[in-house]
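First comes the structure, then the notes that go with it.
By convention in this document, chain letters (A, B, ...) are assigned in the order of the sequence lines, proteins followed by strands, and residues within each chain are numbered from 1.
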Number of protein chains: 2
Amino acid sequence: MYDGGVKTNYQYRGVDAREMLVASAQKLFAEQGVEATSPRQVLEDSGVGKGSLYHHFPTKRDLAHAAIDRMSVASLDNARSVLMSSGTPFERLSAYLTKPRDAVAGCRVGRLTSDATVMASDELQQPVHDYFTHLIDLVAEVFVEAGATPKRARERAITAVAVIQGGYVLSRALDDPDLMSRAVTGFLDLIEDR
Amino acid sequence: MYDGGVKTNYQYRGVDAREMLVASAQKLFAEQGVEATSPRQVLEDSGVGKGSLYHHFPTKRDLAHAAIDRMSVASLDNARSVLMSSGTPFERLSAYLTKPRDAVAGCRVGRLTSDATVMASDELQQPVHDYFTHLIDLVAEVFVEAGATPKRARERAITAVAVIQGGYVLSRALDDPDLMSRAVTGFLDLIEDR
DNA sequence: GTCTATAGAAAGATAGAC
DNA sequence: GTCTATCTTTCTATAGAC
């Protein structure tokens with residue numbers, strides 16, 4: 001019997017609900033963390049029904065994994081595009097460090113390191129681990145291009161990424177985006193002509 | 001009638017229970033955050049009864065406030081004692097940046113900036129705000145002593161504190177205390193003879 | 001001040017119809 | 001794939017005896 005049309009229809013609807021769920025989860029996780037976000041909130045924000053949520057993501061961990069993975073990949077892609085653009089190594093580094101950030105909102109990925117739900121699961125920690133590993137690698141590469149030894153380049157890359165993450169923490173703590181700007185300026189000032 | 005002995009006894013017991021509760025809360029908040037810590041866990045860890053908890057701290061927020069206040073004050077006192085010790089400005093700065101830290105555990109105060117319970121309450125945010133404000137002031141003072149202009153001293157102080165906070169994030173993300181060490185070494189290397 | 005018993009609400013998930 | 005109804009456990013507290 002002919003039922004191709006119906007099948008296709010079902011599949012389209014499925015993909016949409018899945019996407020809506022992941023998008024809402026990403027948003028809510030960025031705002032309040034994974035631990036503090038309930039399946040019910042994701043349901044309400046996405047407009048999707050309870051049955052759909054548990055069909056696509058049997059547990060909260062499954063939904064969290066999908067959302068965290070997306071956020072990490074997107075953040076890394078964004079960093080890569082800035083760090084690998086044209087310009088001198090210092091220009092690219094400077095462009096990455098000063099790129100627009102919602103500092104008071106905090107880092108979507110970095111904040112997960114103090115989220116109980118994430119830290120309780122190796123699976124959820126993995127994307128966070130990978131994000132920072134690759135980000136440091138990318139930044140270190142630019143320092144090497146700038147003439148640093150591999151060891152020193154790596155050290156400075158770690159410091160640079162720490163400045164950003166710390167900038168987020170300070171901007172959030174003092175509710176002021178200026179802390180991020182000044183942390184970055186202070187760092188840039190130190191690496192200039194070195 | 002004579003009942004002084006009994007009264008005293010009651011008071012001692014009261015103070016002890018209060019102390020036990022705050023101590024347990026501090027420990028659990030440091031391990032898993034405020035949001036993820038339930039009154040029940042604090043009860044079990046402290047060995048205190050449910051009645052006592054709600055007698056001393058009517059709401060979870062009251063307990064959190066007491067514990068966070070303690071942590072912030074203790075952390076600031078610790079920083080002050082290192083930054084105001086004897087030695088050259090660079091020696092003191094270096095001593096502060098390299099002092100032993102449980103980097104993989106994260107910063108007890110800094111992690112609160114991504115805790116939903118804390119960020120939802122001005123009262124709970126206050127100690128965190130004060131901690132970082134005063135810490136930056138202390139570090140800036142040392143940079144001034146080292147010969148920097150007030151403005152530049154402040155900028156470098158913000159960068160220095162960001163390096164520590166970011167070092168915590170990275171050490172936690174990669175589950176490796178070495179990230180903190182290298183972030184600090186990278187920074188120290190840059191401010192040396194400047 | 002401390003204890004035990006109780007309670008309303010929400011979290012996290014399952015059951016089974018459609 | 002999606003929906004509604006249901007369920008268990010935990011959270012955050014309150015009540016009232018001692």
Side-chain angles (χ1 to χ4, degrees), chain A residues 3-25 28-29 31-67 115-118 120-121 123-124, chain B residues 3-25 28-29 31-67 115-118 120-121 123-124:
Chain A
D3 63 349
V6 172
K7 222 174 171 185
T8 301
N9 204 19
Y10 274 138
Q11 285 181 354
Y12 276 140
R13 281 166 61 201
V15 168
D16 280 349
R18 203 175 204 284
E19 286 309 303
M20 305 282 282
L21 288 166
V22 173
S24 285
L28 292 167
F29 291 170
E31 282 170 14
Q32 49 187 18
V34 181
E35 175 75 23
T37 300
S38 68
R40 204 174 131 272
Q41 284 179 295
V42 176
L43 249 33
E44 277 165 12
D45 185 83
S46 65
V48 167
K50 209 164 212 165
S52 295
L53 169 60
Y54 285 102
H55 171 72
H56 291 292
F57 305 102
T59 71
K60 179 180 173 179
R61 226 169 93 268
D62 294 314
L63 173 59
H65 190 267
D115 189 293
T117 299
V118 175
S121 155
E123 196 190 337
L124 295 185
Chain B
D3 63 348
V6 172
K7 219 174 172 183
T8 301
N9 203 20
Y10 274 138
Q11 285 181 354
Y12 276 141
R13 281 166 61 203
V15 168
D16 281 349
R18 202 176 203 286
E19 285 310 304
M20 306 282 284
L21 288 166
V22 173
S24 285
L28 292 167
F29 291 170
E31 283 170 15
Q32 48 187 17
V34 181
E35 176 75 22
T37 301
S38 68
R40 206 175 129 271
Q41 284 180 296
V42 176
L43 249 32
E44 277 166 12
D45 185 82
S46 65
V48 167
K50 210 163 214 165
S52 295
L53 169 61
Y54 287 102
H55 171 73
H56 292 291
F57 305 103
T59 71
K60 180 180 172 177
R61 224 169 95 268
D62 294 315
L63 174 59
H65 191 267
D115 189 294
T117 299
V118 174
S121 156
E123 198 191 336
L124 296 185

*B:Leu43 CG to D:dT10 P: how many Å, rounded?*
15 Å
*In whole angstrom, give the distance that lies between atom CG of B:Leu63 and atom P of D:dT12.*
11 Å
_Nearest non-hydrogen partners of A:Leu63 and A:Leu53, listed with the distance_ = CD2-CD1, 4.0 Å
_What does the 5'-to-3' dot-bracket notation of DNA chain C look like when only Watson-Crick and G-U wobble pairs under 3.5 Å count, and pairs to other strands show as |?_
||||||||||||||||||
*Which pair of heavy atoms, one from B:Ala66 and one from B:Val22, lies closest together, and at what distance?*
CB-CG2, 4.2 Å
*Assign a letter to each nucleotide of nucleotides 11-18 of chain C from its 5' end: B, base within under 4.0 Å of a protein heavy atom; S, sugar-phosphate only; -, no contact.*
SSBB----
*asked:* Just the rounded figure in Å: distance from P of D:dT14 to NE2 of B:His55.
replied: 14 Å
*Report yes if some heavy atom in the side chain of A:Glu35 is under 4.5 Å from a heavy atom in the side chain of B:Gln32; otherwise report no.*
no
*asked:* Can you give me the closest heavy-atom contact between B:Asp45 and B:Ser24, atom names plus distance?
replied: OD2-OG, 2.6 Å
_I need the CE-P distance between B:Met20 and C:dG1, as an integer number of Å._
16 Å
*Grab the two heavy atoms, one from B:Arg61 and one from B:Glu123, that are nearest each other, plus how far apart they are.*
NH2-OE1, 2.6 Å
_What verdict does the side chain to side chain contact (heavy atoms under 4.5 Å, CB included) test give for A:Arg18 and A:Phe57, after you've listed the backbone C-alpha separation in whole Å, the side-chain angles of each residue and the deciding distance to 0.1 Å?_
CA-CA 9 Å; A:Arg18 203 175 204 284; A:Phe57 305 102; 3.6 Å; yes
*asked:* Tell me the interatomic distance from A:Leu53, atom CG, to D:dG1, atom P, rounded to whole angstroms.
replied: 14 Å
_Ignoring hydrogens, what is the shortest heavy-atom contact between A:Thr37 and A:Lys60? Give both atom names and the distance._
O-NZ, 2.8 Å
*Heavy-atom pair with the smallest gap, counting every atom of B:Ala64 and B:Val34*: CB-CG1, 4.1 Å
